[in-house]
There are 2 protein chains.
Amino acid sequence: MELPIRLSKESREPIYHQIEEQIKALIAGGQLPAGTSLPSIRVLSKELEISVITTRRAYQNLEYQGFIRTTQGKGTFVAEIEASKKEEVKVSAVYHAIEKAVETALRHDYTIEQIEAVFQEIIASLKEKGGHDNDGKVD
Amino acid sequence: MELPIRLSKESREPIYHQIEEQIKALIAGGQLPAGTSLPSIRVLSKELEISVITTRRAYQNLEYQGFIRTTQGKGTFVAEIEASKKEEVKVSAVYHAIEKAVETALRHDYTIEQIEAVFQEIIASLKEKGGHDNDGKVD
DNA sequence: TATAGTGTGTATATAGATATAAACAGTATA
DNA sequence: TATACTGTTTATATCTATATACACACTATA
């Protein structure tokens, strides 16, 4: 199974951290149910064209935080996580991301009206893109 | 003059890059008009409690991109930048920031309605905070 | 002219991120 | 039982980010 992970080359954020955050999002969002097996560190490193040390680093952090479990010889699996913890991770991550974006806009001297307009423009362009099922989510 | 720069300790983004982006935002947003003198690399490093090498790195990148000019013995000043270029930087940075936040939300399996709700909540809490002058900007 | 500021360059050091490679140990399956 | 997968550990290397320190050269001002 291939994970829908995209690494940004222009971001100054470490590669392992981008992977970690995206997998966490998929888990918290429910797209990776408990028990799902993840690609091995070697398979993922090939898919992303990076070192196994880097994918291993991401998996180690996720395991340390309780999102996944790894077993030598068997593989890596999504852990069983309390619904309340998942919800907390989701809400916290999304709130923080939007808050940070708004802060960036304010820093660029955007007014709240302007920020709302840009936001609606992005939402509108998402809706146009199709590729959404009925609940408005990205496939 | 002290710059309104805030470094995030939890961000994995390099310190020099955070400084660079925030100064760029202030310039593009018009809060730092052309000719304004910026703190020296030593003063800024003391204010932010980081190394002069780090502040110098941020200033070097900004100079390379044409946002500031530095003169040995005199100091560092905001460069004269075409209004159209400023606008482009603003629009691009803000659009990208909001788009990235929306992408993070979608990755967490948020629906567009949920994203809109979080966004409105943050906007509402900004309006409540006061500290805004009449044009809705942060002071 | 001397002083205090400014930026610039160099030296040295540490820590983190990333890479390749190899070997080891556990698990599952043919 | 052998093979192919899995994770784990170690070794070595390079690059980037950040730090302290010092010296040099430029500019402005008292």
Side-chain angles (χ1 to χ4, degrees), chain A residues 1-3 5-24 27 32 35-79, chain B residues 1-3 5-24 27 32 35-79:
Chain A
M1 176 263 279
E2 189 157 338
L3 294 175
I5 287 174
R6 286 197 308 152
L7 299 180
S8 165
K9 290 183 171 58
E10 58 192 35
S11 171
R12 307 300 308 157
E13 195 185 353
I15 298 172
Y16 77 86
H17 197 255
Q18 294 182 50
I19 297 166
E20 184 189 331
E21 292 301 316
Q22 292 183 42
I23 292 177
K24 191 182 299 180
I27 293 174
L32 289 177
T36 304
S37 85
L38 298 175
S40 73
I41 55 175
R42 287 181 180 83
V43 167
L44 187 62
S45 74
K46 280 194 177 112
E47 285 171 358
L48 300 179
E49 295 180 336
I50 59 176
S51 159
V52 291
I53 296 296
T54 306
T55 61
R56 177 141 195 271
R57 176 70 186 273
Y59 276 13
Q60 272 183 314
N61 288 352
L62 288 165
E63 182 170 31
Y64 181 78
Q65 295 162 50
F67 288 101
I68 64 175
R69 293 204 178 287
T70 78
T71 306
Q72 183 171 346
K74 288 185 72 175
T76 304
F77 305 88
V78 177
Chain B
M1 173 264 278
E2 189 157 338
L3 295 174
I5 287 175
R6 287 198 305 152
L7 300 181
S8 165
K9 291 184 172 59
E10 56 193 36
S11 172
R12 307 301 306 157
E13 195 184 354
I15 297 174
Y16 77 86
H17 197 254
Q18 294 181 49
I19 297 167
E20 184 188 331
E21 292 300 315
Q22 291 182 42
I23 292 177
K24 191 182 299 179
I27 293 173
L32 289 178
T36 304
S37 85
L38 297 175
S40 73
I41 56 174
R42 287 180 180 85
V43 168
L44 187 61
S45 76
K46 281 195 177 112
E47 285 170 358
L48 300 179
E49 295 179 337
I50 59 177
S51 159
V52 292
I53 296 297
T54 306
T55 61
R56 177 143 190 258
R57 174 74 186 270
Y59 276 13
Q60 274 181 314
N61 288 353
L62 287 165
E63 182 170 31
Y64 180 79
Q65 295 164 48
F67 289 100
I68 64 175
R69 291 204 179 289
T70 76
T71 306
Q72 184 172 344
K74 289 184 73 176
T76 304
F77 305 87
V78 178

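Every chain is numbered from 1, with letters handed out A, B, ... down the list of sequences.
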| query | Ala79(B) and Gly66(B): which non-hydrogen atoms are nearest, and at how many Å? | reply | CB-O, 3.5 Å
| query | Would you say the base of dG7(C) and the side-chain of Arg42(B) have a donor-acceptor pair closer than 3.5 Å? | reply | yes
| said: Categorize Arg12(A) for me: base, sugar-phosphate, or nothing, with a 4.0 angstrom heavy-atom threshold over every strand shown. | reply: sugar-phosphate
| Nucleotide dT9(D), atom P - distance to CD1 of Ile41(A) in whole Å | 11 Å
| remark: When rounded to whole Å, the OH to P distance for the pair Tyr16(B) and dT18(D) reads 7 Å
| Do the side-chain N or O atoms of Thr76(A) get closer than 4.0 angstrom to the phosphate oxygens (OP1, OP2) of dG7(D)? | yes
| task | Would you mind reading off the distance between Leu38(A) atom CG and dG7(D) atom P, rounded to a whole angstrom? | result | 9 Å
| query | Does the side chain of Thr71(B) get closer than 4.0 angstrom to OP1 or OP2 of dA28(D) through an N or O atom? | reply | no
| note | When rounded to whole Å, the CD1 to P distance for the pair Ile53(B) and dT18(D) reads 11 Å
| task | From the options Arg12(B), Glu13(B), His17(B), select the one residue that forms a side-chain contact (heavy atoms from CB on, under 4.5 Å) with Glu13(A). | result | Arg12(B)
| remark: In whole angstroms, the gap separating C1' of dT9(D) from CD of Gln60(A) amounts to 11 Å
| query | Quick one: on DNA chain C, does Ile50(A) or Gly73(A) contact a more 5' nucleotide (nearest heavy atom)? | reply | Ile50(A)
| field | Residue pair Leu38(A) / Leu44(A), side-chain heavy-atom distance below 4.5 Å | value | no
| task | Kindly give the heavy-atom pair with the smallest separation between Ile50(A) and Thr54(A), and that separation in Å. | result | CD1-CG2, 3.9 Å
| query | Does a nitrogen or oxygen in the side chain of Thr55(B) sit under 4.0 Å from OP1 or OP2 of dT18(D)? | reply | no
| task | Hey, which sits more toward the 5' end of DNA chain C by its nearest nucleotide, Ser51(A) or Gln72(A)? | result | Ser51(A)
| Distance below 4.0 Å between Arg56(B) side-chain N/O and dT18(D) OP1 or OP2 | no
| task | Quick one: closest heavy-atom pair of Glu47(B) and Pro39(B), and the distance? | result | OE1-CG, 4.5 Å
| message | Please confirm whether the shortest side-chain N or O distance from Ser40(A) to OP1 or OP2 of dT6(D) is below 4.0 Å. | response | yes
| task | To the nearest Å, give me how far apart CG (Leu44(A)) and C1' (dC5(D)) are. | result | 16 Å
| message | Just the rounded figure in Å: distance from P of dT18(D) to CD of Glu49(B). | response | 16 Å
| query | dG7(C) P sits how many Å from Lys46(B) NZ, rounded? | reply | 12 Å
